[in-house]
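Below is one structure; the comments refer to it alone.
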Protein chains: 2
Amino acid sequence: MRLSTKGRYGVTAMMDLAIHDNAGPVTLADISQCQGISLSYLEQLFSKLRKAKLVEGVRGPGGGYRLSRPAEDINIAEIISAVDEKVDVTKCNQEGNCQDGMRCLTHDLWMELSERLYSFLAGITLAQFVNRPGIHELAIQRDKINGRFILARRQAEVLQQQRKAS
Amino acid sequence: MRLSTKGRYGVTAMMDLAIHDNAGPVTLADISQCQGISLSYLEQLFSKLRKAKLVEGVRGPGGGYRLSRPAEDINIAEIISAVDEKVDVTKCNQEGNCQDGMRCLTHDLWMELSERLYSFLAGITLAQFVNRPGIHELAIQRDKINGRFILARRQAEVLQQQRKAS
DNA sequence: CAATATCCTACTAAATTAGTCAGGAATTAT
DNA sequence: ATAATTCCTGACTAATTTAGTAGGATATTG
């Protein structure tokens with residue numbers, strides 16, 4: 001009973017996007033460096049996230065990825081499903097043909113577990129999780145350690161523009 | 001997010017023991033044939049189940065395995081833990097050293113998920129599951145199809161002895 | 001054009017899972 | 001006693017999945 005790194009990486013990366021959402025697109029190179037995930041591997045994951053319409057890619061310099069919806073509307077179950085296949089612990093993919101074309105004795109158990117698992121994860125939005133006490137502080141601390149100055153600069157620019165506009 | 005066959009096999013096999021609990025020990029050869037699991041593989045699983053004190057082996061002819069405790073006192077989480085390692089979706093085995101010796105941003109999420117997962121599974125006893133409507137009937141049907149006459153005979157003998165004793 | 005990014009496909013290495021094989025040890029029936 | 005039955009153990013292997021590489025194409029900005 002475990003979660004592959006694919007799912008964990010996916011959620012972690014999405015949280016990164018959510019945290020830096022106001023500072024424009026985040027590059028995979030950035031995430032790769034900070035979270036210690038290989039760039040190419042991240043590209044594969046984001047390809048899936050993009051196909052699931054959870055993120056949007058922006059090409060070219062200054063580009064990167066951003067959430068395609070507000071963090072309030074993205075839940076953990078979606079992310080894991082997109083990246084790590086289904087959240088499902090049955091053998092038969094819920095089809096009930098687990099043993100000789102019939103439902104095996106434990107089929108109902110796995111079905112129920114799968115459902116509960118999914119709804120637990122579906123009940124947690126990115127926003128909810130990012131807004132937990134301490135998370136933002138922890139993230140900023142991390143960014144400093146990792147020398148994520150680009151993001152800091154961008155974030156400052158965005159604030160300036162907002163001031164101009166008002 | 002998935003369950004390996006180890007865990008599934010383990011639970012399925014334990015259910016088999018629970019269902020045939022009144023008919024004396026169940027041989028692995030029997031389970032192997034009926035559930036379509038290789039005998040040697042079952043032996044490995046049962047070695048773990050035995051070490052976790054969930055089953056007892058009875059050697060010699062007429063031997064097999066039986067539950068070491070009443071089915072009411074055995075829950076699904078124990079079985080999976082015994083056979084398939086921990087029920088845990090964190091990267092760091094709950095130690096909180098997931099990223100550079102610090103807790104990663106998603107650590108709390110995985111911790112909470114692991115806990116909920118475990119307590120869900122721990123809340124289901126073998127007995128509860130075996131006593132679900134339809135399960136016993138399904139099992140008897142299966143036994144007939146699989147020609148599990150040995151067990152049927154034994155079950156009859158047990159009943160006779162009980163009658164004599166009373 | 002040059003630099004920066006995403007995007008895409010195919011390949012490879014490592015780890016895990018699932019299983020096999022070969023034998024030994026305990027128990028019971030004959 | 002001995003043969004049959006069954007658990008028990010460890011080492012080995014094949015298949016699958018996971019994780020990661022490599023290399024290049026495409027789009028965008030300055």
Side-chain angles (χ1 to χ4, degrees), chain A residues 1-10 12-13 17 24-33 35-68 80 83-86 88-89 91 150-151 153-154 157, chain B residues 1-10 12-13 17 24-33 35-68 80 83-86 88-89 91 150-151 153-154 157:
Chain A
M1 183 97 261
R2 34 176 278 275
L3 185 69
S4 67
T5 60
K6 237 186 263 180
R8 248 191 310 264
Y9 284 176
T12 308
L17 295 199
V26 178
T27 70
L28 293 190
D30 224 342
I31 298 178
S32 162
Q33 216 180 354
Q35 315 274 5
I37 310 171
S38 101
L39 179 58
S40 302
Y41 200 43
L42 271 176
E43 284 177 343
Q44 286 174 42
L45 296 184
F46 270 79
S47 163
K48 291 184 180 183
L49 291 173
R50 202 170 50 86
K51 276 169 194 156
K53 312 224 167 178
L54 293 173
V55 299
E56 287 174 346
V58 180
R59 290 181 160 193
Y65 281 96
R66 67 161 70 99
L67 300 180
S68 64
I80 294 185
V83 138
D84 196 34
E85 280 85 67
K86 304 260 158 246
D88 179 17
V89 297
K91 179 188 196 178
I150 312 132
L151 279 170
R153 216 179 306 143
R154 269 199 208 145
E157 282 169 16
Chain B
M1 182 98 260
R2 31 176 282 275
L3 186 69
S4 68
T5 60
K6 236 187 261 178
R8 248 195 308 265
Y9 283 175
T12 307
L17 296 198
V26 179
T27 69
L28 292 190
D30 225 343
I31 297 177
S32 162
Q33 218 181 351
Q35 315 273 5
I37 309 170
S38 103
L39 179 59
S40 301
Y41 200 43
L42 271 176
E43 282 175 344
Q44 285 174 41
L45 295 184
F46 271 78
S47 163
K48 292 185 178 182
L49 291 172
R50 202 170 51 84
K51 275 168 195 155
K53 311 224 168 176
L54 293 173
V55 300
E56 286 173 349
V58 181
R59 290 177 161 194
Y65 280 97
R66 67 162 71 100
L67 300 179
S68 65
I80 294 185
V83 138
D84 195 33
E85 280 82 70
K86 303 262 158 244
D88 179 16
V89 296
K91 179 188 195 175
I150 313 132
L151 278 170
R153 215 180 305 139
R154 268 200 208 143
E157 283 170 17

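Below, chain A is the first sequence line, B the second, and so on; all start at residue 1. Treat the numbers as computed from the prediction; the structure is a model and nothing was measured.
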Practice task
Take I37(A) and K51(B), find for each the nucleotide of DNA chain D with the closest heavy atom, and name the residue whose nucleotide sits nearer the 5' end.
Solution key: K51(B)
Completion exercise
Closest to the 5' end of DNA chain D, once G60(A) and S40(A) are matched to their nearest nucleotides, is S40(A)
Exercise for the section: Kindly say whether, by distance alone, the side chain of Q44(A) makes a donor-acceptor pair under 3.5 Å with the base of dT21(D)? Expected result: yes
Exercise for the section: Kindly say whether, by distance alone, the side chain of E43(A) makes a donor-acceptor pair under 3.5 Å with the base of dC7(C)? Expected result: yes
Tell me: [atom1] of [X] to [atom2] of [N], nearest whole Å?
X	N	atom1	atom2	answer
L49(B)	dC8(D)	CG	C1'	14 Å
K48(B)	dT9(D)	NZ	P	13 Å
L39(B)	dA22(C)	CG	P	14 Å
L45(A)	dT6(C)	CG	P	13 Å
L42(A)	dA19(D)	CG	P	13 Å
L17(B)	dC7(D)	CG	P	10 Å
Y41(B)	dT16(D)	OH	P	14 Å
Q33(A)	dA5(C)	CD	P	12 Å

Completion exercise
Between G62(B) and P25(B), the two heavy atoms sitting closest are O-CG, 3.9 Å
Handout entry: S38(A) versus S32(A), closest heavy-atom pair with distance
Key = C-OG, 4.1 Å
Practice task
Name the nucleic acid region contacted by S47(A), choosing base, sugar-phosphate or nothing; use a 4.0 angstrom heavy-atom cut-off, strictly under.
Solution key: nothing
Give a yes/no on whether any side-chain N or O of [X] is located under 4.0 angstrom from OP1 or OP2 of [N].
X	N	value
Y9(A)	dT18(D)	no
R50(B)	dC7(D)	no
Y65(A)	dC7(C)	yes

Exercise for the section: For S68(A) and L54(A), indicate whether the former's side chain and the latter's backbone hold a donor-acceptor pair under 3.5 Å. Expected result: yes
Practice task
Could you check which of dT5(D), dT18(D), dG19(C) has an atom nearest any side-chain atom of S38(B)?
Solution key: dG19(C)
Handout entry: Nearest-nucleotide pick for R59(B), side chain only, options being dG20(D), dA25(C), dT29(D)
Key = dA25(C)
Exercise for the section: Please figure out whether V58(B) or L28(A) has its closest DNA chain C nucleotide nearer the 5' end. Expected result: L28(A)
Exercise for the section: Could you check if a side-chain atom of I31(B) sits within less than 4.5 angstrom of a side-chain atom of L17(B), using non-hydrogen atoms only? Expected result: yes
Problem - Side chain proximity check, Y65(A) to L42(A), heavy atoms < 4.5 angstrom - result: no
